[in-house]
Visitor: 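Shown below is the structure under consideration.
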Amino acid sequence: MDRRCRTAVWPLAILLVQVVLVGGWLGATGRLQPRTVNDTAGYDAFPWQSWKTALSYYRTPAYPAFLRVCRVFAHDHRHVPAAHFALYSAAVFVLYLGIGRITANYPAACVGASILLYSRILHGYVYNVATDSVAAAVGIAVCGLALWRVAGGGVVVVSCLALAVMTGWLIRPAYLFLVLVAPALTWLLHPLRSDAATRSRWGEVALVAALSTGPLAAYSLLRYCVVERFGVVSYGGHAQIGICGQFLEEADLPRLSADLQPVARLALENLSSETFPKHRFDGEPRLHYSRMEERFDAVIWYEFVPAARQLLGDSSLEVDGALRRLSAALIRLHPERYAVWIAKATRQAAKKVLWDFADNPVTLALLIAAIPIVCGPKFLKRVLPSTAASPSRIMLVVATTYLVLNLMFIIPVCPPLGRFTDAAAVLLAAPLALWLYGQVRAWPMAAPG
């Protein structure tokens, strides 16, 4: 076995050993025992009877199909967490290959991929019978395949990239941001291509964008033909009314269109009824962030959805359409309140990402390890003159692009809850781990100086 082969095989073996050890740890600590959550029943009840019922449903079909496959081996959810972990581990291997291809540095690729095995989105959500960890796995795979494509991957790689992007939004509609991630990374990392001088940057971006958006357009058109709704799923109105519905007040009723006034009036009656839950921050101002976050679910399921169902029936298409139009109308009536929400939710997302990064024992250890290096007398001398596209810098581009685009799709319609920010920040530890690895590797060479 030649040296080049050994440098690729040993990091792969180390990564595989970590997967086995992490899997053993998850099993030993009970994290491979399934736990149902509020969303589980909705996935289990997916209506497979016909195209119309399936495409009318408020959930996309990929995760319910995944649960059906798991039920082939057991009638309950006992194998679901293990399947989550298997898919997540496969995505980590794809990222390893992507980093290795673009950097030609497989030991570094092992470091960058390994750190994802200790993420909060895996250890905190793998046992939930919901989309959190498996959707994050698809997002990781998209980034790995995008790196592989930039490094010179051919038809098979770009086809797998398009398939992974499609799988992401079929699992969780919020992962529509992957449609932007793939072309964005293609554009940002194009200079790293060996044939960058002769290969059109715009041509590459156009190809990846077309392959990412084509399935989305086709699926949306299929839904339009079958259920007369263009889009991935009829659920966006449910989510957004949880935010925008909190702007509604009595004086807004005459300013709404005639078809929306009955829903809004009945929603206000539900808000003042005894059945509406009480919350800790009810006494705070209307735009207080904690008040809006705590009331989000109650506003949807106790205020607006019952009102819409009472007037429109149980059709999720009709209910979601009405809530979507009402949300848009309330944004037009109160643009300043919506702008305040965007600003406060963005601040909250940044706080959550930073706090959760430091709260994870593994990433906290990385931060502590970085302190003596950053405080060292030769730190700036080593860092500032370097302009090379190191593995840590490549992954910093990938991680920040992924984080920002992910949160851009969450914040306008939903509070940045922990399960969303954990998923968005899943790659954020990789640049730090790679940077520390590079610093340690540089010590022997810097010692004589």
Side-chain angles (χ1 to χ4, degrees), residues 38-39 58 173-174 234-312 319-356 404 406-421 424:
N38 291 336
D39 292 343
Y58 69 97
S234 295
Y235 190 70
H238 285 70
Q240 194 158 41
I241 201 66
I243 298 300
C244 301
Q246 300 189 52
F247 305 153
L248 179 66
E249 52 192 31
E250 195 76 32
D252 295 331
L253 294 178
R255 304 166 65 189
L256 295 171
S257 61
D259 63 316
L260 294 178
Q261 286 183 20
V263 176
R265 184 176 293 107
L266 191 53
L268 287 177
E269 292 176 8
N270 291 338
L271 176 63
S272 59
S273 71
E274 293 296 325
T275 59
F276 191 85
K278 305 301 180 185
H279 298 90
R280 291 177 299 165
F281 297 96
D282 285 345
E284 298 294 338
R286 182 188 296 271
L287 296 181
H288 188 279
Y289 176 81
S290 295
R291 180 182 190 270
M292 294 188 71
E293 180 182 291
E294 276 209 345
R295 292 164 66 97
F296 175 75
D297 284 331
V299 167
I300 296 173
W301 300 110
Y302 287 86
E303 185 178 356
F304 283 92
V305 169
R309 285 178 176 169
Q310 183 174 335
L311 295 170
L312 302 172
V319 169
D320 189 76
L323 297 181
R324 186 188 299 273
R325 295 194 303 275
L326 182 54
S327 296
L330 290 171
I331 291 173
R332 288 193 296 270
L333 291 178
H334 302 288
E336 74 291 343
R337 294 180 183 178
Y338 192 58
V340 169
W341 160 257
I342 294 293
K344 289 187 174 182
T346 301
R347 180 191 64 187
Q348 175 69 9
K351 288 166 59 178
K352 282 287 295 177
V353 168
L354 293 174
W355 170 254
D356 291 342
V404 170
N406 192 328
L407 293 177
M408 281 175 57
F409 274 70
I410 295 295
I411 289 171
V413 298
C414 182
L417 305 174
R419 65 193 185 102
F420 298 134
T421 56

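One-based numbering along the sequence shown.
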Visitor: Taking the side chain as everything from C-beta on, heavy atoms only, tell me whether L253 gets closer than 4.5 Å to L268.
Guide: yes

Visitor: Distance check, rounded to the nearest 0.5 Å: H279 atom NE2 versus E294 atom CD?
Guide: 6.0 Å

Visitor: Would you say V305 and L323 make side-chain contact, with heavy atoms under 4.5 Å?
Guide: yes

Visitor: Using the side chain to side chain contact (heavy atoms under 4.5 Å, CB included) rule, pick out the option among W301, F304, Y58 that qualifies with H238.
Guide: W301

Visitor: Considering non-hydrogen atoms only, spot the tightest contact between A345 and P416 and give its length.
Guide: O-CG, 3.4 Å

Visitor: Would you say W341's side chain and I411's backbone share a donor-acceptor pair under 3.5 angstrom?
Guide: yes

Visitor: Find out whether Y302 and L271 are in side-chain contact, i.e. whether some heavy atom of one side chain is under 4.5 Å from a heavy atom of the other.
Guide: no

Visitor: In plain terms, say whether R295 and E303 are close enough for a salt bridge, that is, a side-chain N and a carboxylate O under 4.0 Å apart.
Guide: no

Visitor: On a heavy-atom basis, which atom in N406 and which in A424 lie closest, and how many Å separate them?
Guide: ND2-CA, 3.3 Å

Visitor: Out of curiosity, C244 SG to H334 NE2, how far, rounded to the nearest 0.5 Å?
Guide: 10.0 Å

Visitor: Supply the atom-to-atom distance K344 NZ to L287 CG, rounded to the nearest 0.5 angstrom.
Guide: 6.0 Å

Visitor: First locate atom NZ of K351, then atom OG1 of T421, and finally report the distance between them rounded to the nearest 0.5 Å.
Guide: 12.5 Å

Visitor: On a heavy-atom basis, which atom in V319 and which in A308 lie closest, and how many Å separate them?
Guide: CG1-CB, 3.8 Å

Visitor: Nearest heavy-atom pair of G237 and D320: which atoms, and what distance?
Guide: N-OD1, 2.9 Å

Visitor: With rounding to the nearest 0.5 angstrom, report the CE to OG1 distance, M408 to T346.
Guide: 10.0 Å

Visitor: If you compare all heavy atoms of A264 against all heavy atoms of L256, which two are closest, and at what distance to 0.1 Å?
Guide: CB-CD1, 3.6 Å

Visitor: Rounded to the nearest 0.5 Å, what separates atom CG in L266 from atom CZ in R309?
Guide: 13.5 Å

Visitor: Within the 4.5 Å heavy-atom criterion, are I243 and P415 side-chain neighbours or not?
Guide: yes

Visitor: Are the side chain of H288 and the backbone of S290 linked by a donor-acceptor contact shorter than 3.5 Å?
Guide: yes

Visitor: Indicate yes or no for a side-chain donor-acceptor contact from Y338 to the backbone of P412 under 3.5 Å, with no hydrogens or angles considered.
Guide: yes

Visitor: Under 3.5 Å, is there a donor-acceptor pair between the side chain of Q246 and the main chain of M292?
Guide: yes

Visitor: Do F296 and L417 come close enough that some side-chain heavy atom pair is under 4.5 Å?
Guide: no

Visitor: Would you indicate whether the side-chain heavy atoms of C414 and F420 approach each other to under 4.5 Å?
Guide: yes

Visitor: Considering non-hydrogen atoms only, spot the tightest contact between A349 and L407 and give its length.
Guide: CB-CD1, 4.0 Å

